[in-house]
Every structure is written in structure tokens, then in C-alpha cells.
Amino acid sequence: MTDKTASVHWEGRGKAGVGKISTQTDALKSYPYGFGSRFEDDRRGTNPEELLAAAHAACFTMAFSFACDGAGFATTAIDTTAGVRLVKKGDGFLIDHIALRLEASVAGIDEVTFQKIAADAKQGCPLSKALASVPEITLTAVLRK
């Protein structure tokens, strides 16, 4: 496997500065972010927490789908959201909570098995492991009928 890369170019000081995020695949190409999109309601840019939420939701969704496959269950549709909460702590900031919400259609699975596979996928997801220092990562898993 190869390293996946992203880069940031920043200009300006602190609150007045503006950054541009780019990814190796060009999924993001000079996409803006700054104080307003991180700490205020400026929707013209992204922020690290939003990107982390997207990455965690994507990683967990794949882990869940692969785990279902491994257990002999076919996933037909999976929708996952992740909420990342950044809070002020002392002179800095801390991500203190990530909330994952999974809604999935999985043929032939019972609720108990579904919940176990979802919980195991959350624990096994590489990003969940990388984010182990976050005090609380919750999962709400809903099996669609």
C-alpha cells in the first residue's frame, strides 16, 4: 500500500489567514478553509473536523460492509453520518466526541447480529483506531427493514 497524501497552503496571520487544501486524487483541489469555516458559520470553505468526519464515516462504512460480507450478509445500501465536536479546553481546543450514525439495509440479518457487526466494525475501522484518544466515539446503528 502507498501513502495517501494531502497538502495545505496557508497565507496570512491567524484569524485573517486563508488556507487551501488539496488531496492527491484532486478530490479537493485548493479548497478553501480558514477561521470562519472552522469556528463560525462560513460555509464557503471546509475545516479539519468536517474532513475528519467524512473520513471516519467513509472508513467505518467500508469496514461495516466488509464485515457483513465476511459474515455472509450482503449489504444493499448503507448511509453513515459522523459528527465531530470541537470544544475549547484551556488555551486550546479538543475533539471530545464523535457520533457515528449508521443506517443500513442488510438482507437476512437479525438485529443482534447487525448490532454486533456494527460495533465490531467501529472498533476495527482504521480511523477509529487512529482516533482512540477521542474521549467518546458513539455509534447508533439502525437496521432498515
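All values below were derived from every heavy atom in this structure, side-chain atoms included, with hydrogens, water molecules and symmetry-related copies excluded.
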Rounded to the nearest 0.5 Å, the NZ atom of Lys20 sits from the OG atom of Ser7 at a distance of 12.5 Å
So CG of Leu102 and CG of Leu139: to nearest 0.5 Å the spacing works out to 6.5 Å
Nearest heavy-atom approach of Leu131 to Leu52 is CD2-CD1, 3.8 Å
Distance col, row Glu111:CD vs Lys145:NZ, nearest 0.5 angstrom, shows 5.5 Å
Can Tyr31 be reached from Val18 by stepping across I, L, V, M, F, W or Y side chains whose heavy atoms are under 4.5 Å apart? no
Requested in this report: Measure the shortest side-chain to side-chain distance between Ile109 and Ile117 over non-hydrogen atoms and say whether it is less than 4.5 angstrom.
Outcome: yes
**Aromatic contact, Phe64 with Phe114 (centres under 6.0 Å)** = yes
In short, Ile21 meets Val8 closest at the heavy-atom pair CG1-CG2, 3.8 Å
Evaluate the side-chain contact (heavy atoms from CB on, under 4.5 Å) criterion for residues Glu103 and Thr81: first the C-alpha distance (whole Å), next the side-chain angles of each, then the deciding distance (0.1 Å), finally the verdict. CA-CA 9 Å; Glu103 293 187 19; Thr81 58; over 6 Å; no
- Is there a donor-acceptor pair closer than 3.5 Å between any side-chain N or O of Ser105 and the backbone N or O of Thr76? no
When rounded to the nearest 0.5 Å, the distance separating CD of Glu49 from CG of Leu86 is 4.5 Å
Review point. Can any side-chain N or O of Thr75 pair as donor or acceptor with the backbone N or O of Val106 at less than 3.5 Å?
Key: no
When rounded to the nearest 0.5 Å, the distance separating OG1 of Thr138 from CG of Leu100 is 7.0 Å
Donor-acceptor contact present, side-chain Gln115 to main-chain Ala141, <3.5 Å: yes
Original post:
Is a side-chain N or O of Ser65 found less than 3.5 angstrom from the main chain of Thr61, in a donor-acceptor match?
Top reply: no
* **Presence of salt bridge, Asp79 and Arg144, under 4.0 angstrom** => yes
| request: Would you mind reporting whether Lys122 and Phe60 have side-chain heavy atoms less than 4.5 Å apart? | output: yes
Nearest heavy-atom approach of Asp69 to Ala74 is OD1-CA, 4.5 Å
### Query
Is there a path of hydrophobic side-chain contacts, each under 4.5 Å between heavy atoms of I, L, V, M, F, W or Y residues, that connects Tyr33 with Leu51?
yes
Requested in this report: Indicate yes or no for a side-chain donor-acceptor contact from Ser37 to the backbone of Gly34 under 3.5 Å, with no hydrogens or angles considered.
Outcome: yes
What one should report as the nearest heavy-atom pair of Ala82 and Ala57 is CB-CB, 4.0 Å
- Query: Just wondering, are more than 12 heavy atoms of other shown residues or ligands nearer than 6.0 Å to CZ in Phe66?
  - Reply: no
Is there side-chain contact between His56 and Cys125, with heavy atoms separated by less than 4.5 Å?
yes
(Q) Given 3.5 Å as the limit, does a donor-acceptor pair link the side chain of Asp110 with the main chain of Thr113, or not? (A) yes
Distance col, row Ile98:CD1 vs Glu136:CD, nearest 0.5 angstrom, shows 10.5 Å
Here the pair of heavy atoms bringing Asn47 nearest to Glu50 is OD1-N, 2.7 Å
*Give a yes or no answer on whether the side chain of Thr23 reaches the backbone of Leu28 with a donor-acceptor pair at less than 3.5 Å.*
yes
Self-check item: N/O donor-acceptor pair under 3.5 Å between Lys89 side chain and Asp96 backbone
Solution: no
### Query
Under the 3.5 angstrom rule, does the side chain of Lys88 hit a backbone N or O of Gly90 as a donor-acceptor pair?
yes
Here the pair of heavy atoms bringing Ile137 nearest to Ser128 is CD1-O, 4.4 Å
Exercise. For the pair Gln24 (side chain) and Thr5 (backbone), establish whether a donor and an acceptor sit closer than 3.5 Å, ignoring hydrogens and angles.
Key: yes
